[in-house]
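Proteins come first, then strands; the chains are lettered A, B, ... in the order of their sequence lines, and each starts at number 1.
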Amino acid sequence: MAAPRYRPLQSDRDDLRIATLAALALAIHVAEAALPSPLPGVKPGLANIITVTACWLYGWRVAAWITVLRIVAGGILVGTLLSPTFFLSLAGGLGALGGLAMARALPGTGPVGYSLLAALAHMVAQFTAAWWLFIPHPGLWLLLPPLMTAAIVFGVLNGIMAQAMIRELGSQPARDGHEAT
Amino acid sequence: MTWTDRLLLIAAVAGVAALYPWLWGERGGEAEAVRIWAGEEEYARYPLDQPRRVEVPGPLGTTVVEIAEGGARVIADPGPRQICVRAGRLDTPGDQALCLPNRVTVEIIGADPRYDSIHY
Amino acid sequence: MTLTPPMRSLALLLALLLLTACSSEEPQHRERFYAMGTLVEVSILGQPERTASEAADRVRRLLEDYQARWHPAGDGELGRINRALAAGESGPPASDELLDLLAEGRELESLTGGLFSPAIGKLIRLWGLEGDGSEGRVPEETALEDWLADRPTLAALRQEDGRLASDNRQLQLNLGGYAKGHSIGKAIEHLREQGISRAVVNVGGDLVTLGQPRDRRWRIGIRHPHQEGIIASLEIGSGTAVFTSGDYERDFEHEGERYHHILDPRTGRPARGLSAATVVHDDPVRADAASTALMLAGPEDWPATARRLGVTRVMLVEPDGRIHLTDSMAALLQVEQDPEAGVQRWPDP
């Protein structure tokens with residue numbers, strides 16, 4: 001009788017990175033969720049520092065994994081999985097990834113640019129989701145200008161912090177998702 | 001901060017700054033319905049999302065109001081001066097067209113009217 | 001299901017939204033009715049429907065009363081006085097209110113150099129413009145010349161024991177140039193006495209405000225009958241009157257030419273040069289009279305007339321659509337449709 005074939009799971013370098021960074025992002029996200037905020041949607045989004053750093057150093061694919069994992073695991077941990085806030089979070093995350101893709105497509109963007117575009121896209125996507133899914137009320141539009149202002153502020157701040165983190169971890173940007181150096 | 005970053009920031013700030021006057025400006029609410037008066041009584045009230053033609057009777061004849069594309073307009077009126085026809089399309093809450101000779105008034109209503117009164 | 005923190009903040013968001021969207025507007029009650037030959041709209045804020053409705057009814061009766069009393073050829077006091085004047089006789093005793101209004105008329109006549117005159121009732125009748133303008137006609141040249149030869153003014157009106165008389169048989173009183181301002185002013189006073197604190201009385205487009213909404217000013221849209229859409233929007237506070245005289249109000253066509261009801265006492269014919277004159281002023285009588293006088297003064301001489309009358313918030317529209325604004329008016333007003341002929345700014349007169 002032949003032994004059943006098992007294929008051992010090999011984690012490659014990216015898997016390790018994704019796992020570590022996703023865990024880190026998750027921890028930050030959960031901690032931040034415990035803090036009070038004046039309105040949902042106006043959060044510093046500190047977990048995005050991780051996402052931006054990861055995108056810069058290891059590529060968009062890694063950042064995408066981290067985002068999805070963070071949102072789903074965060075939903076489970078905070079207890080909001082499949083709730084309205086979860087869908088808003090998901091929309092925001094997907095938006096941020098779109099912003100990061102845009103940042104990578106533009107020549108000469110730095111981590112601050114990455115973070116800014118991610119934050120703006122995040123807010124737009126979240127707002128759109130809120131409008132379509134939950135609150136199609138004209139009054140909602142009144143919130144957009146301050147929300148977008150917060151997105152700029154936190155986008156830049158997170159970008160600066162990401163820049164610091166990148167300097168710590170190794171400053172060469174990734175090509176095609178492979179480790180540099 | 002790279003040069004691209006700086007440009008992005010300037011563009012973002014400019015864009016978001018423009019949002020304030022645009023979305024916070026005194027625009028009034030959305031137009032919700034058209035209210036038609038014949039004489040001193042309300043004759044009919046219709047939402048603006050469905051195209052419709054309304055014939056309103058008056059002492060001089062029939063005034064015809066057309067509702068389409070989120071607005072209303074008077075397309076025919078028996079009055080001598082046709083002022084309400086020339087008023088054109090109405091789509092702002094608080095706005096109105098008056099066919100005084102035929103005693104017909106057409107006004108746009110909404111939750112947050114742009115105008116408290118119309119001067120003419 | 002308890003409200004977990006994220007749900008709580010979502011609920012708070014919804015509550016905040018509803019609050020902002022409601023924009024803390026007070027209930028507004030609008031009554032419409034036909035009086036004084038036009039559509040009247042009385043808007044009352046912050047009162048229960050019953051109170052507002054009754055108040056509007058009283059305004060209606062007040063306006064109908066003025067209309068009857070002061071029709072130039074009706075059965076009211078003015079009609080009787082006019083018939084006596086035409087017969088060269090002394091009229092029946094005039095009410096104090098009418099006498100006061102005529103005194104004010106004398107002052108306005110003097111300030112405008114005779115442009116504004118309540119004494120031109122005969123001229124108005126010659127043109128068939130005493131009513132709503134549906135009987136407008138071009139008078140015989142000789143009739144016009146006769147009238148111009150004896151051109152009556154209020155200076156020719158004598159007052160003896162409250163009775164009016166005149167040696168000029170052409171003198172007929174017509175209060176159309178300022179009676180509306182007076183009536184609306186009285187209606188506002190009446191509302192205030194009834195405890196109403198925020199209202200707008202709009203008679204055929206001319207309006208006077210009482211108080212103002214809680215956290216903003218009144219927003220008035222200005223429509224010009226020749227044009228499509230709102231041409232300008234105005235923001236005014238409490239106790240403010242907005243009056244417009246225009247060439248479209250009572251007009252008629254004859255042999256291809258258009259004639260309107262703002263008659264120039266100097267020529268006996270409708271004023272030329274301006275399509276509309278809008279005046280904003282705290283005194284409704286002044287605003288009403290000034291809008292007429294400025295239409296008559298025309299595009300050249302209006303600043304002098306405005307200065308003599310003490311009006312600074314003025315908007316004029318020329319037949320080609322060109323808009324003239326004084327600085328004080330421009331501060332209140334936003335042009336919504338830029339006319340092709342342009343907008344011209346003027347310093348306050």
Side-chain angles (χ1 to χ4, degrees), chain B residues 21 23-30 32 35-43 58-60 71-75 77 79-120, chain C residues 21-23 25 28 30-34 37-43 45 60 132-134 198 200-202 204-209 212-213 216-236 242-244 246 248-253 276 278 280 334 336:
Chain B
L23 294 175
W24 279 15
E26 296 255 41
R27 299 175 79 229
E30 293 207 349
E32 289 168 14
R35 181 157 59 192
I36 302 174
W37 300 76
E40 294 169 12
E41 299 292 323
E42 182 178 313
Y43 176 77
L60 294 183
R73 73 160 68 220
V74 178
I75 54 175
D77 176 68
R81 259 172 260 128
Q82 301 285 290
I83 288 178
C84 53
V85 177
R86 282 192 274 173
R89 183 186 142 87
L90 308 167
D91 58 13
T92 311
D95 201 1
Q96 65 188 23
L98 307 175
C99 311
L100 288 181
N102 206 28
R103 303 267 162 136
V104 173
T105 303
V106 181
E107 66 168 336
I108 302 293
I109 54 183
D112 186 16
R114 177 123 191 240
Y115 303 114
D116 298 303
S117 198
I118 301 289
H119 174 75
Y120 52 93
Chain C
C22 287
S23 58
E25 285 287 337
Q28 186 186 89
R30 271 206 221 183
E31 282 276 325
R32 287 161 178 259
F33 51 87
Y34 286 84
T38 186
L39 179 66
V40 179
E41 196 181 81
V42 179
S43 309
L45 295 188
R60 175 185 206 155
D132 58 1
S134 55
R198 289 177 290 278
V200 179
V201 177
N202 181 321
D206 296 323
L207 55 93
V208 181
T209 65
Q212 64 187 61
R216 59 176 180 86
R217 298 198 290 169
W218 299 100
R219 298 189 285 248
I220 310 291
I222 300 181
R223 280 190 152 274
H224 196 278
H226 292 162
Q227 288 170 303
E228 188 169 321
I230 303 256
I231 60 169
S233 56
L234 197 57
E235 283 209 8
I236 55 176
V242 185
F243 275 76
T244 294
Y248 44 82
E249 283 159 3
R250 267 172 252 162
D251 60 350
F252 64 96
E253 261 197 46
T278 301
V280 174
Q334 188 170 328
E336 302 284 340

Report task. Using the six-membered ring of Y248(C), assess whether NZ or CZ of R81(B) lies under 6.0 Å from its centre and within 45 degrees of the ring axis. Result -> no
If you tally heavy-atom pairs under 4.5 Å between each of D91(B), D95(B), I83(B) and chain C, the highest tally belongs to D95(B)
Note to self: Looking at R216(C) and D116(B), is there a salt bridge between them, counting it only when a charged N and a carboxylate O are closer than 4.0 Å?
What the structure shows: yes
Whatever's closer than 4.5 Å to a heavy atom in chain B on D206(C) counts as both
Whatever's closer than 4.5 Å to a heavy atom in chain B on T278(C) counts as side chain
Can you list the steps and then say if R32(C) with E107(B) is a side chain to side chain contact (heavy atoms under 4.5 Å, CB included)?
CA-CA 12 Å; R32(C) 287 161 178 259; E107(B) 66 168 336; 3.3 Å; yes
Most contact-rich option vs chain B, by heavy-atom pairs under 4.5 angstrom, among G204(C), G37(C), A232(C), A276(C), is G204(C)
Applying a strict 4.5 Å limit to non-hydrogen atoms, the region of Q82(B) in contact with chain C is neither
Rounded to the nearest 0.5 angstrom, the CZ-CD1 distance for R114(B) and I220(C) is 12.5 Å
If you tally heavy-atom pairs under 4.5 Å between each of E41(B), R89(B), R86(B) and chain C, the highest tally belongs to R86(B)
Heavy-atom closest pair (I118(B) atom, I230(C) atom, distance to 0.1 Å) is CD1-CD1, 3.9 Å
Discussion item. Quick one: does any side-chain atom of R219(C) pair with a main-chain N or O of P113(B) as donor and acceptor, under 3.5 Å?
Written reply: yes
Interface check, chain C: of G94(B), A97(B), G88(B), most non-hydrogen pairs under 4.5 Å belong to G88(B)
Taking C-beta and beyond as the side chain, do Y120(B) and H224(C) meet within less than 4.5 Å on heavy atoms?
no
CD of Q96(B) to CZ of R223(C), rounded to nearest 0.5 Å, is 8.0 Å
Heaviest contributor of heavy-atom pairs below 4.5 Å to chain B, chosen from W218(C), F243(C), F33(C), Y34(C), is Y34(C)
CG of L39(C) to OG1 of T105(B), rounded to nearest 0.5 Å, is 5.0 Å
Bottom line for V242(C): the part with an atom under 4.5 Å from chain B's heavy atoms is both
Taken to the nearest 0.5 Å, the spacing of S117(B) OG from Q28(C) CD works out to 8.5 Å
Take E228(C) and L90(B) through the test side chain to side chain contact (heavy atoms under 4.5 Å, CB included) and record every step on the way to the result. CA-CA 9 Å; E228(C) 188 169 321; L90(B) 308 167; over 6 Å; no
Original post:
Is H119(B) close to L234(C) at the side-chain level, that is, under 4.5 Å between some pair of heavy atoms?
Top reply: no
